[in-house]
Number of protein chains: 2
Amino acid sequence: MSPRRERADAQRNREAVLAAADRLFAASTSPGGVSMDDVATAAGVGKGTLFRRFGDRDGLIQALMEKRIAPLREAVAEGPAPLGPDTPARERVPALMAALLRFKLDNRHLALALETGGGNSPYRAGHYTWWHTLLRDAVRGIPGAPDADFTAHALLAAVRADLVEHLAGGEGAPPERLEERLEAYVAKVLA
Amino acid sequence: MSPRRERADAQRNREAVLAAADRLFAASTSPGGVSMDDVATAAGVGKGTLFRRFGDRDGLIQALMEKRIAPLREAVAEGPAPLGPDTPARERVPALMAALLRFKLDNRHLALALETGGGNSPYRAGHYTWWHTLLRDAVRGIPGAPDADFTAHALLAAVRADLVEHLAGGEGAPPERLEERLEAYVAKVLA
DNA sequence: CTTCAAACGGACCAATGGTCCACATCCTAG
DNA sequence: CTAGGATGTGGACCATTGGTCCGTTTGAAG
């Protein structure tokens, strides 16, 4: 039952891999430009180690993402308003969306890697389900909003990594402008 | 200047490839399950021919898509209301969205292949740009709607192939239900 | 120090998108 | 009808990449 603490070298390697991967993804323009070999090499680790730890490419990216998003997740799960659970729905939904957008802006490379990564849709990732459930329940608390389940999906779609990348990266829209536009849009949906 | 008509065998082969590819994509659950080799073999054609004609995987998929969507495109560009250009914006936007959703439902495999295909985002495909411009201009005609450019992006995001697939395929939502939900959502956005 | 489960690393594998070019086929000029 | 150049063909070949395997090394418990 007691899973016997992680070996010291294992831990060191895990962190090295995570760090290297983060660096590489941030440096590359498109996630596809970073191969698992690259990551292993940059981390000074064999491929076997890499795969043993993270299972597959997707696992690595998810681990990376999880680490980065943890603070936000916590703020949402048990923090104060306007993100925490005690916030009135009307105020919380826009706040959640704004936070998500900001996160994706700040972590474009990772979000992109996660969402456009393998052939498997982002909709199966636990990540997505978590946000969807959260948002859906929040939307439910707003009278007059249409079907909460679908609305949550549609709202999340509006901040998908590649769209954000297209708007902020491809076209040169500054973050604030995007935030404004999203805010207005969300307001309209919840009106 | 006159590009000298396409050779007869070439045409025959092109059609064979298109047909085979369509069939294969329709049959496979995920687009990744269909390799270029598969297509070539199924079409009774060499790989060289395949690539000569369509350039690369993406080219093939785009050609396929183009063929399928042509009627809808035409109906929108020069047909009668509620899709054609003479439709009042208030009525046209929902109609466009409904038509797009239905199209994606009817061509799930293709839409999926196109949007989740290569590492390149769907946002660079001429396909997307066309719809976005169209929708943006239509939204502009509706007083009270927020920023038309962003709204168009957000609305299109709500009918992205993988989301549609997730809702209609993964969960078992019947098409009509989806259409209703989308309609209500769009109405809200344009209210 | 001994022991052994845990971890390592890199050679190896299979799949796949894409290229190349010797050869076949079509079309047209004469 | 024929010849010859343009166009098209096919499949061997290549490079890359995610992922596996297993003989060797290493950390840590006793």
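Side chains are part of it too, since the values below use all heavy atoms of this structure and drop only hydrogens, waters and symmetry mates. So you know, we letter chains A, B, ... as the sequences are listed, proteins then strands, and number each from 1.
For the atom pair OG1 (A/T151) and CG (A/L190), the distance works out to 8.0 Å, reported to the nearest 0.5 Å.
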Got a list of protein N/O to nucleotides 17-19 of chain D N/O distances below 3.5 Å?
unit_1 : atom_1 : unit_2 : atom_2 : d
D/dG18 : OP1    : A/R57  : NE     : 3.2
D/dG18 : OP2    : A/M36  : N      : 2.9
D/dG18 : N7     : A/K47  : NZ     : 3.3
D/dG19 : OP2    : A/R57  : N      : 2.8
D/dG19 : N7     : A/K47  : NZ     : 2.9
D/dG19 : O6     : A/K47  : NZ     : 2.4

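If you measure from atom CZ of B/R53 to atom P of D/dG11, you get 17 Å, rounded to the nearest angstrom. The CZ atom of B/R14 sits 15 Å away from the C1' atom of D/dT7 (whole-angstrom rounding). Straight-line distance from the CG atom of B/L50 to the C1' atom of C/dT19: 13 Å, rounded to whole Å. Distance, A/D9 CG to D/dT26 P: 9 Å, rounded to whole Å. Protein atom CD of A/E6 is 14 Å distant from nucleotide atom C1' of C/dC8, rounded to whole Å. The CZ-C1' distance, from B/F54 to D/dG8, rounds to 14 Å in whole Å. If you take CZ of B/R5 and P of C/dT28, they are 7 Å apart, rounded to a whole angstrom. If you take CZ of B/R12 and P of D/dT7, they are 18 Å apart, rounded to a whole angstrom.
Look at A/N13 and you'll find a side-chain N or O under 4.0 angstrom from OP1 or OP2 of C/dC8. Dashed line: the shortest gap from a side-chain N or O of A/T49 to OP1 or OP2 of C/dG9 is under 4.0 Å.
Base engagement by B/R52 is indicated by at least one non-hydrogen atom pair under 4.0 Å involving a base atom.
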Per-pair distances, 0.1 Å, donor-acceptor, side chain in residues 32-42 of chain A, under 3.5 Å, sequence neighbours excluded:
unit_1 : atom_1 : unit_2 : atom_2 : d
A/S35  : OG     : A/D37  : N      : 3.4
A/S35  : OG     : A/D38  : N      : 3.1
A/S35  : OG     : A/D38  : OD1    : 3.3
A/S35  : OG     : A/D38  : OD2    : 3.3
A/D38  : OD2    : A/S35  : N      : 3.1
A/T41  : OG1    : A/D37  : O      : 3.0

Between side-chain atoms of residues 152-170 of chain A and protein atoms elsewhere (two or more places apart, or another chain), which donor-acceptor pairs fall under 3.5 Å?
unit_1 : atom_1 : unit_2 : atom_2 : d
A/H153 : ND1    : A/Y128 : OH     : 2.7
A/H153 : NE2    : A/H132 : NE2    : 3.4
A/R160 : NH1    : A/Y123 : OH     : 2.9
A/R160 : NH1    : B/D162 : OD1    : 2.9
A/R160 : NH1    : B/D162 : OD2    : 3.3
A/R160 : NH2    : B/D162 : OD2    : 2.8
A/D162 : OD1    : B/R160 : NH1    : 2.8
A/D162 : OD2    : B/R160 : NH1    : 3.3
A/D162 : OD2    : B/R160 : NH2    : 2.8
A/E165 : OE1    : A/R108 : NE     : 2.6

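B/R124 has no carboxylate O lying under 4.0 Å from a charged side-chain N of B/D58, or vice versa, which leaves the two without a salt bridge. Between B/D9 and B/R12 there is no salt bridge, since no side-chain N of the basic residue sits under 4.0 Å from a carboxylate O of the acidic one.
Within 6.0 Å of the CD atom in B/E74, the count of heavy atoms belonging to other residues, nucleotides or ligands does not exceed 12.
Residue A/R7 places its side chain closer to D/dG27 than to any other of D/dG27, C/dC26, D/dT9.
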| said: side-chain contact (heavy atoms from CB on, under 4.5 Å) for B/R68 and B/L64? Distances and angles first, verdict last. | reply: CA-CA 6 Å; B/R68 287 267 191 153; B/L64 224 42; 5.9 Å; no
